[in-house]
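First the proteins, then the strands, lettered A, B, ... as listed; each starts at 1.
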Protein chains: 2
Amino acid sequence: MAAEYAVRCVLYLAQQGSDVLVNRQEIASQARIPDSFLTKIAQDLARAGIITIKQGAKGGYALHRPPRQVNMLEVVEAIIGEISLNECVTKPAACPASPNCAANLVWQEARRRVRETLLAADFEALAKAGACVSPFPSPLSPPEARP
Amino acid sequence: MAAEYAVRCVLYLAQQGSDVLVNRQEIASQARIPDSFLTKIAQDLARAGIITIKQGAKGGYALHRPPRQVNMLEVVEAIIGEISLNECVTKPAACPASPNCAANLVWQEARRRVRETLLAADFEALAKAGACVSPFPSPLSPPEARP
DNA sequence: GATAAATAGGACTAAAATAATCCTATTTAT
DNA sequence: ATAAATAGGATTATTTTAGTCCTATTTATC
């Protein structure tokens, strides 16, 4: 959940435009995130340099950069750490044979592709594509004709 | 862990060749899987038609098909169910906006690519390439010569 | 058929990860 | 000075995962 909450939070901020300060309760209710939990998520996002937190009266959160320069990979990894898929990738020590293990290479490739996919998804595109438009042309949905 | 154990188990069987019956303790020690846990994993693999279980004296496990026809995706999914990466993919209900949510499409694409990668990894190739299963005989119970 | 060697499968426990909450402290606008 | 915000640590609850244990059943062999 936490990573999804983070994506929704950043998406909501991106929709307001960068540098627009939004108070936490508004984000929580609009993006359907438990308010107290959002506190924690925001802290991670701030630590990763994705959002800016302004404390005190009239405080709130804002994107720290233009939405174009924020992607899903960093948002997700700000929350859960580096995506790894499985232990044989993260803790090679757990598997004595892993340096020359073909299965390990498959996991690494799978991981690489997931990260690549999330990296390609920037929040400007996500915010714009509210309407069913996939950022990926090929197998999921046919490319759209431009007006 | 369970999915990794399953991969190691199938890999070990693939290395012995298909149709070769191996007793559970040997697999457990060679593939470094807690013996009692392997019981559970084997049941899932059998249910998925990946291995054959022979009960009774001189019983054990064997691959149910040639290694070429078994891939990492089905082995992993036999254990953990369909790979989903996150809830917004599995339970669209959890997110009222998901049908037209661009982030959701990104998750789906990422998932598609992981599954595609694991699908392409068949156990004949893995076994040939040399993998996860320790090349060293187990100190606990060395494998017996099979007639 | 009796027996010993295997695995099946359900019940159970332990540990870890995740989600979420609460409370006190601190920051800031007015 | 005060009220409106968020920070951040401590804590709890829930769920998932890992692993164990025990009794039942299956099968080869004598």
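When each of A:Val75, A:Ile41, A:Ile27 is paired with A:Val10, the side-chain contact (heavy atoms from CB on, under 4.5 Å) condition holds for A:Val75 and for no other.
The shortest distance between the side-chain N/O atoms of A:Lys54 and the OP1/OP2 oxygens of D:dT6 is not below 4.0 Å. Here A:Tyr61 reaches the OP1 or OP2 of D:dA7: one of its side-chain N or O atoms lies under 4.0 Å away.
One interatomic measurement links the two molecules: CG of A:Leu38 to P of C:dT18, which rounds to 19 Å at whole-angstrom precision. Look at CG on B:Asp44: it is 12 Å from P on D:dA18, rounded to the nearest Å. The separation between A:Arg24 atom CZ and C:dT26 atom C1' is 13 Å, rounded to whole Å. Put simply, CD1 on B:Ile41 is 15 Å from C1' on C:dT7, counting in whole angstrom units. Per the geometry, CZ belonging to B:Phe37 stands 17 Å off P belonging to C:dA14, to the nearest Å. Put simply, CD on A:Gln43 is 13 Å from C1' on C:dT26, counting in whole angstrom units. Rounding to whole angstrom units, CD1 of residue A:Ile51 and C1' of D:dA7 are separated by 12 Å. Per the geometry, CD1 belonging to B:Ile33 stands 13 Å off C1' belonging to D:dG19, to the nearest Å.
When the nucleotides C:dT30, D:dA18, D:dT25 are ranked by their closest atom to the side chain of A:Lys58, C:dT30 comes out on top. Here D:dA10 is the nucleotide among D:dA10, D:dC21, C:dT26 with the atom lying nearest to any side-chain atom of A:Lys40. Nearest to the side-chain atoms of A:Gln55 among the listed nucleotides D:dA28, D:dA7, C:dA29 stands D:dA7.
Interatomic distance, A:Lys58 NZ to A:Asn23 CG, rounded to the nearest 0.5 Å: 11.0 Å.
Nucleotide C:dT13 forms a pair with D:dA18, judged by Watson-Crick or G-U wobble geometry with both contacts under 3.5 Å. Across all strands shown, D:dC30 is found opposite C:dG1 as a Watson-Crick or G-U wobble partner, with both distances under 3.5 Å. If you check D:dT25 for Watson-Crick or wobble pairing at under 3.5 angstrom, you find it paired to C:dA6.
What you find for B:Ala3 and B:Ile79 is that their closest heavy atoms are N-CG2, 4.0 Å.
Residue contacts for B:Ala2: at a heavy-atom cut-off of 4.0 Å it reaches the sugar-phosphate backbone alone, with no base atom in range. Residue contacts for A:Gln25: at a heavy-atom cut-off of 4.0 Å it reaches no nucleic acid atom on any strand shown.
Here A:Glu109 pairs with A:Arg112 in a salt bridge; the nearest charged N to carboxylate O distance falls below 4.0 Å.
Between A:Gly56 and A:Thr39, the residue anchored nearer the 5' end of DNA chain C, judged by the nucleotide with its closest heavy atom, is A:Thr39. When the nearest nucleotides of DNA chain C are assigned to A:Ser36 and B:Ile53 by heavy-atom distance, the more 5′-ward of the two goes with B:Ile53.
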Using the side chain to side chain contact (heavy atoms under 4.5 Å, CB included) rule, take B:Tyr61 and B:Leu38 through it: C-alpha gap first, then chi angles, then the decisive distance, then the call. CA-CA 11 Å; B:Tyr61 306 147; B:Leu38 180 52; 4.2 Å; yes
